[in-house]
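Remarks on the structure that follows.
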Amino acid sequence: MYIEDSGSGPAVVLVHGLPSPPEELEPLARALATDHRVLLVHLPGYGRAPRPALPYDFEAVDRMLAAALAERGLDDVAFVGYSGGCYRGLVAATRGRLKLRAFVGLAPIAHLDAGEPEAFRGFAQAIAADVELGELMVERMLPPGWAAAHPEHAQAVAAWTRCVPADVLASELEAAADLPDVRPQLPELDVPVYLRVGELDQATPPRKALEMAGLLPDATLDVVPGVGHALLLQDANATVAAVRRFLAR
């Protein structure tokens with residue numbers, strides 16, 4: 001993987017979703033770098049990171065991230081994960097790979113609903129068959145009507161499936177279909193947690209965030225009206241401000 005290291009102060013780790021480009025987190029990284037040391041992670045195959053060995057191995061990648069932070073002497077960090085990045089952070093924290101002082105989940109997820117594993121496998125097969133999924137991404141990531149009003153956001157989201165090599169993404173989705181449910185471990189995460197989700201999020205709907213908030217010992221949840229899964233596009237300024245406020249507590 002590749003890690004952009006900027007700023008100084010308390011360390012905060014930023015991890016993107018599946019699939020979303022690490023560049024989507026750059027405005028948040030720049031804002032936090034005014035008073036934090038920010039480590040913006042490019043997961044294997046994304047951004048500046050080299051491609052991983054296939055088949056994709058979530059355990060290996062998560063261990064790689066923990067090792068990269070340990071090499072930098074970081075054993076007490078705040079973690080900000082967007083979507084699948086949130087899941088990775090929850091796994092790392094509850095398995096003792098990361099020592100956290102705070103956790104932020106944007107469009108958070110801790111488990112897959114019934115039927116979602118099969119959907120992930122279907123997406124993987126379509127990508128492997130070179131099927132264009134940009135339109136489906138737009139429908140899933142943005143609420144109805146938003147794409148027509150904000151074509152630049154639709155264009156950005158449609159490109160998410162192309163921000164990583166197709167074979168890597170297909171393998172990553174296949175592996176994600178078998179990931180375990182982290183909900184039973186959430187009561188063990190005894191650090192301040194901030195969850196933020198769009199009211200109209202289809203990929204990680206608010207009910208999931210609400211359930212997570214109820215399981216965590218110290219959680220705050222904000223549901224953003226009129227917004228879908230692409231929080232850092234639709235609600236960029238307010239989301240950046242909310243994360244900064246939380247981490248400044």
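When a residue number appears, it is its place in the shown sequence, counting from 1.
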Checklist entry - Could you walk me through whether Thr239 and Leu28 pass the side-chain contact (heavy atoms from CB on, under 4.5 Å) check? => result CA-CA 8 Å; Thr239 293; Leu28 178 57; over 6 Å; no
Would a 4.5 Å heavy-atom cut-off, applied to side chains only, mark [X] and [Y] as touching?
X: Leu136; Y: Thr161; value: no
X: Val168; Y: Pro44; value: no
X: Leu90; Y: Phe79; value: no
X: Arg244; Y: Thr34; value: yes
X: Leu106; Y: Val243; value: yes
X: Val77; Y: Arg37; value: no
X: Glu172; Y: Tyr46; value: yes
X: Leu65; Y: Arg97; value: no

Does [X] come within less than 4.0 Å of [Y], counting only side-chain N to carboxylate O?
X: Arg196; Y: Asp235; result: yes
X: Glu132; Y: Arg162; result: yes
X: Arg63; Y: Glu59; result: yes

When you group the ILVMFWY residues by side-chain heavy-atom contacts below 4.5 Å and let the links chain together, are [Y] and [X] in the same group?
X: Val15; Y: Leu39; answer: yes
X: Met1; Y: Leu18; answer: yes
X: Leu216; Y: Ile109; answer: yes
X: Val61; Y: Leu98; answer: yes
X: Leu100; Y: Leu69; answer: yes

Item to check | From CA spacing to verdict: side chain to side chain donor-acceptor pair (under 3.5 Å), His229, Gln202 | outcome: CA-CA 7 Å; His229 191 69; Gln202 298 179 61; over 6 Å; no
Rounded distance (nearest 0.5 Å) linking atom [atom1] of [X] with atom [atom2] of [Y]:
X: Tyr87; Y: Leu112; atom1: OH; atom2: CG; result: 7.5 Å
X: Ser83; Y: Glu24; atom1: OG; atom2: CD; result: 12.0 Å
X: Asp201; Y: Arg140; atom1: CG; atom2: CZ; result: 8.5 Å
X: Leu200; Y: Met141; atom1: CG; atom2: CE; result: 13.5 Å
X: Arg88; Y: Leu179; atom1: CZ; atom2: CG; result: 8.0 Å
X: Leu74; Y: Ile3; atom1: CG; atom2: CD1; result: 8.5 Å

Without swapping roles, check the side chain of [X] against the backbone of [Y] for a donor-acceptor pair under 3.5 Å.
X: Lys208; Y: Ala110; answer: no
X: Ser171; Y: Tyr56; answer: yes
X: Arg249; Y: Arg245; answer: no
X: His42; Y: Tyr2; answer: no
X: Glu174; Y: Ala124; answer: no

Tell me the closest heavy-atom pair linking [X] and [Y], and the distance in Å.
X: Pro143; Y: Gly226; answer: CG-O, 3.9 Å
X: Pro187; Y: Pro217; answer: O-CG, 3.3 Å
X: Leu231; Y: Gly198; answer: CD2-N, 4.1 Å
X: Leu221; Y: Ala209; answer: CD1-CB, 3.7 Å
X: Phe103; Y: Phe246; answer: O-CE2, 3.6 Å
X: Leu233; Y: Trp160; answer: CD1-CZ2, 4.3 Å

Checklist entry - Leu14 and Tyr82: side-chain contact (heavy atoms from CB on, under 4.5 Å), yes or no, with the steps? => result CA-CA 8 Å; Leu14 276 56; Tyr82 170 65; over 6 Å; no
Next on the checklist: Assess the residue pair Leu195 and Val197 against the criterion (side-chain contact (heavy atoms from CB on, under 4.5 Å)); give the C-alpha distance rounded to whole Å, side-chain angles, the decisive distance to 0.1 Å, and a yes or no.
Outcome noted: CA-CA 7 Å; Leu195 305 175; Val197 65; over 6 Å; no
Evaluate whether atom [atom1] of [X] has more than 12 neighbouring non-hydrogen atoms of other residues, nucleotides or ligands under 6.0 angstrom away.
X: Asn237; atom1: CG; result: no
X: Asp181; atom1: CG; result: yes
X: Glu116; atom1: CD; result: yes

Next on the checklist: Run the side-chain contact (heavy atoms from CB on, under 4.5 Å) test on His111 and Asp113 for me, step by step, so that the C-alpha distance in whole Å, both residues' side-chain angles and the decisive distance to 0.1 Å come before the verdict.
Outcome noted: CA-CA 7 Å; His111 77 287; Asp113 288 335; 3.0 Å; yes
